[in-house]
Amino acid sequence: MNTKYIFVTGGVVSSLGKGIIAASIGKLLQARGYKVTIQKFDPYINIDPGTLNPYEHGECYVTADGMETDLDLGHYERFTGIHTTRHNSITTGRIYKAVIDRERRGDYLGKTIQVVPHITDEIKRRMLREDVTEEELDFVITEVGGTIGDIESAPFMEAIRQLRWQLGRNAVCVHLTYVPYLKAADELKTKPTQHSVKELQGMGIQPDILVLRTERHLDDALRMKVASFCNVNLECVVQSEDLASIYEVPVSMQRQGLDAAILRKTGIPVGETPAMAPWHDFLEKQRCATRELHIGLVGKYDLQDAYKSIRESLNLAGVYNNVKVKLHFISSEEITEGNVAERLDGMAGIIICPGFGQRGIEGKIIAAEYTRTHDIPTFGICLGMQMMVVEFARNVLGYKDANSTEMNPDAAAGVIDLMEEQKSITQMGGTMRLGAYDCLLREGSRASEAYGGATEISERHRHRYEFNNQYKEEYEAAGMKCVGINPGTGLVEIVEMPTHSWYIGTQFHPEYSSTVLSPHPLFMSFVKHINTLTY
Ligand code: GLN
């Protein structure tokens, strides 16, 4: 079968959940046995989102091959279980950089380099994944960031227009729009959708399928109206209502025949609807999990998307432990010795979040001390782990000014420090320790137990600073055990306190590899543990 290409665009407003729709399409096609990948094209100039403040675009998601990407790739992986790579996250910046590098090498032989055709050709090449050696794919789903009409996404739209022409039936355009409800008129309005489709048509793209985001159910008459105004078949007008969970979306899309419509458009026999039993089992568990478990996220970004994968990993682990995880953001900047007891009150467990820079770290250290001395289950991730290590040095090992040299380069006890190879790096983007690294687990440790007794694992990283091995013996002797070690470098990847009920810090980010059908073992162990404590 020839590879088919599905383009997912969005109109009217941003934040409609294009990523969830793209991930759902991927899931549904995968359930039919097709080999699928999902990629995201973002119109901004940054080479990757690695240098973006989480307040701008939410979490930076890291692929196993070490690319810093948009958080939508997290949805793709959680829904489908596929591993995305650096080829699945493209920005305008990367496109321009590739073209400009080629121009500087003289590859264009004196030609004038223009948006059309040079930039659009580069976009097309990547949409078709011409530079990727991989097993033949049945479907490539390409989500384009931003909203139709944005000046900056115009070259992407032009590339899609050309590809549709070139690929014929092997290309499908799915356009996501919004149908607002006007309370005063008690009416759902289709005009913004009509305008958005007109705008697409003006760029030479006729959408094949419309997905209408709505807070109210849309009846057939309304769908019919949209279909006839937009030149789309009625069965290709699908609605995406607000649902109790984003994981209900694929089922709702399947019920409305979104995947069948795609198959019909691309000339593939539709066949039987797959049962997706494990997915339905998960949803059933999720619906039944009503007992609440309160977990505190000690971090500095009071924004849902900033810790997206951690939130989802905890929710997923909750479902499999039959509880509804309720997450409470606790601003680390506001935590003091005086209020820590009150701030953490009522939390069955605490996550100390990742991050960069000075802001809020003393609060993380105070929280780590409080949970360590009160035996409250605690999971420190990346900077969170580093702050557990700093706290232990200050309050147990007696190094009063212990710190990470990221925060205090002159600390006498730099218990978290830069690796030699990092010291000469001056460029910011893509220069951290990124992507999956092997880790050997100490037999019998709580971490190894969480991984079902495994002693070799691989986890994704995103950091510059490391546990300083000069202090390792002191930590071990005083009760903080270094139970996860990178075999190549000897770097400490996991610390834990066996005398404590659940006190583990990981230098890596386990949240990047938790999926709906395969929740991460450390989150599972953490939630399971606090769940038994709260019964
Ligand atoms: N700022 C720390 C470092 O670079 C931790 C990074 C993180 O939490 N992702 O090492």
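Values in this document were obtained by computation on a predicted structure and should not be read as measured data. Remember, it's 1-based here, ligands and their atoms both numbered in the order they're listed.
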Review point. Glu466 near ligand 1, heavy-atom distance under 4.0 Å?
Key: no
Check your understanding: Would you call the rings of Phe41 and Phe156 parallel, tilted or perpendicular, where under 30° means parallel and over 60° means perpendicular?
Key -> perpendicular
**Study point:** Cys382: numbered ligand 1 atoms lying under 4.0 Å from its heavy atoms
**Key:** 5 (C), 6 (C), 7 (C), 8 (O), 9 (N)
Point to revise | Among Pro354, Gly355, Gly299, closest by any non-hydrogen atom to atom 5 (C) of ligand 1 | key: Gly355
Review point. Looking only at heavy atoms, is any part of Glu406 under 4.0 Å from ligand 1, and if so is it the side chain, the backbone, or both, or is it neither?
Key: side chain
**Study point:** Aromatic ring pairing Tyr451/His520, orientation class (parallel under 30°, perpendicular over 60°, tilted between)
**Key:** perpendicular
Practice item. Would you mind checking if Asp305 and Lys308 are paired as a salt bridge, meaning a charged N to carboxylate O distance below 4.0 Å? Key: yes
Check your understanding: Below 4.0 angstrom, N of the basic side chain to O of the carboxylate: do Arg462 and Glu68 qualify?
Key -> yes
Review point. Considering distance alone, does some N or O of Ile381 sit under 3.5 Å from an N or O of ligand 1?
Key: no
Practice item. Among all protein heavy atoms, pick the one closest to atom 10 (O) of ligand 1 and tell me residue, atom and distance. Key: Tyr465 N, 2.8 Å
Review point. Centroid-to-centroid, Phe508 to His463, below 6.0 Å?
Key: no
Practice item. Examine His509 together with His461 and report whether their ring centres are nearer than 6.0 Å. Key: no
**Study point:** Part of Arg462 within contact of ligand 1 (heavy atoms, under 4.0 Å)
**Key:** backbone
Exercise for review: Determine, using heavy atoms of Gln386 and all atoms of ligand 1, whether some pair is separated by less than 4.0 Å.
Suggested key: yes
Review point. At a 4.0 Å threshold, what atoms of ligand 1 neighbour a non-hydrogen atom of His463?
Key: 3 (C), 4 (O), 6 (C), 10 (O)
Practice item. Give the atoms of ligand 1, by number and element, whose distance to some non-hydrogen atom of His509 is under 4.0 Å. Key: 9 (N)
Practice item. Look at atom 4 (O) of ligand 1 and say which protein heavy atom is nearest, naming residue and atom and giving the distance to 0.1 Å. Key: Arg464 N, 3.0 Å
Review point. Regarding Arg433 and the six-membered ring of Tyr437, is the cationic atom NZ or CZ under 6.0 Å from the ring centre and inside 45° of its axis?
Key: yes
Check your understanding: Do the charged groups of Lys472 and Glu476 touch, with an N to O distance under 4.0 Å?
Key -> no
Point to revise | For ligand 1, the portion of Met432 having any non-hydrogen atom under 4.0 Å away | key: neither
